Amino acid sequence: MFHSQMDAALSEASAAAARGEVPVGAVLTDAAGRVVARAGNRTRELSDPTAHAEILAIRAACAAAGSERLPGYRLWVTLEPCPMCAAAISAARIAVLYYGAPDPRMGGVAHGARVFDHPQCHHRPEVYEGIRAEDSAALLRSFFGARREGGR
């Protein structure tokens, strides 16, 4: 039975915003649909430009599985993955990607680099976009609006 994990991803995104991070959240489920990892952005907290929600969730799921590959797994993320995250999704052999808001400026799936469309891409997940897109976009607008008003 299909069950969306976008609520949990949005919760991770909200928690990231509360930490002062760009509000992006990700949840990974295994082939049986069990949540195996969830994360929000932590680039500032960890002083790590690769600490995107997707990367952190993939690292945790791989560690739990004892494997660098996650066949049959599904990733839920609130924002279209950037090229770095799209490449990691491909490398991990994640079966399905669901994402919320599009990212015309920095996206790497439907915009920009379109990582999964390159001939060098060894694995292309099924992709479903626009899942709770308005909720994801609203979180981002609120976060960046507050930062502009606050001068940060």
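Bear in mind the structure is a predicted one, so any value in this text is a computation, not a measurement. Computation of the quantities below employed the complete heavy-atom set of this structure, encompassing side-chain atoms and omitting hydrogens, waters and symmetry-equivalent molecules.
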Provide the closest heavy-atom pair for A39 versus L56 in the form atom of the first, atom of the second, distance. CB-CB, 3.7 Å
Rounded to the nearest 0.5 Å, what separates atom CG in N41 from atom CZ in R19? 8.0 Å
Minimal heavy-atom distance between A37 and A60, with the atoms involved, is CB-CB, 3.9 Å
What are the two closest non-hydrogen atoms of A31 and Y73, and how far apart are they? N-CD1, 4.4 Å
If we ignore angles and hydrogens, is there a donor and acceptor under 3.5 Å between the side chains of R38 and T29? no
Heavy-atom side-chain contact between L139 and T78 under 4.5 Å: no
Without hydrogens or angle criteria, can the side chains of E21 and T43 be said to hold a donor-acceptor pair below 3.5 Å? yes
With the side chain counted from C-beta on, respond yes when T50 and M84 share a heavy-atom pair under 4.5 Å apart, and no when they do not. yes
C85 and E54: which non-hydrogen atoms are nearest, and at how many Å? SG-OE1, 3.5 Å
Would you say the side chain of L28 lies within less than 4.5 Å of the side chain of L70, judging by non-hydrogen atoms? yes
Nearest-0.5 Å distance, CZ of residue R34 to CD of residue Q5: 12.5 Å
All heavy atoms of G100 vs all of A133, minimum pair found to be O-CB, 3.5 Å
Do R141 and E134 sit within salt-bridge range, that is, some charged N less than 4.0 Å from a carboxylate O? yes
